Amino acid sequence: MTTMDPPVTLELPLAPPAPAPGCGVCGALARQRAQAADDADLSRATDCSVEIRNHPHAEGAS
């Protein structure tokens, strides 16, 4: 007897990260992300979000 695999469960995509307050790099990436979204370049917009999410900031720094 053959059985089916269970259904695949997908999570919702992550919300776009907010740029860190006062960070010029994050601010520039957020502007680039907005422009990419306006240009319907979702790949570039996603790349900007990944860079914002991974951009290092000191813990507790504002």
Side-chain angles (χ1 to χ4, degrees):
M1 181 170 158
T2 304
T3 60
M4 294 176 61
D5 289 335
V8 175
T9 303
L10 301 176
E11 295 181 19
L12 293 174
L14 295 173
C23 178
V25 172
C26 287
L29 286 166
R31 289 187 294 278
Q32 290 174 28
R33 179 179 60 195
Q35 184 62 54
D38 288 346
D39 295 342
D41 186 347
L42 300 182
S43 177
R44 187 167 54 117
T46 298
D47 289 345
C48 290
S49 289
V50 169
E51 287 193 51
I52 292 169
R53 188 172 286 112
N54 293 333
H55 187 247
H57 296 96
E59 290 296 319
S62 53

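The structure displayed is predicted, hence computed values, not measured ones.
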List for me each residue that meets salt bridge (Lys or Arg N to Asp or Glu O under 4.0 Å) alongside [X], sequence neighbours excluded, and say none if there are none.
X     : value
Arg53 : none
Asp47 : none
Asp5  : none

>> Please give me the minimum heavy-atom distance between Gly27 and Pro19, naming the atom from each residue.
In response: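 Closest approach of Gly27 to Pro19: N-CB, 4.1 Å.
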Side-chain cluster (under 4.5 Å, hydrophobic types only) that [X] belongs to, other residues:
X     : answer
Val25 : Leu29, Ile52
Met4  : none
Leu10 : Val8

> Can you list every salt bridge (Lys or Arg N to Asp or Glu O under 4.0 Å) pair that touches residues 12-40, not counting sequence neighbours?
Replying inline: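 Checked against salt bridge (Lys or Arg N to Asp or Glu O under 4.0 Å) - neighbours excluded - the pairs reaching residues 12-40 are Asp39-Arg44.
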> Taking only residues at least two apart or on different chains, which pairs with a member in residues 37-56 satisfy ring pair (Phe, Tyr, Trp, His ring centres under 6.0 Å)?
Replying inline: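 Qualifying pairs, neighbours excluded: His55-His57.
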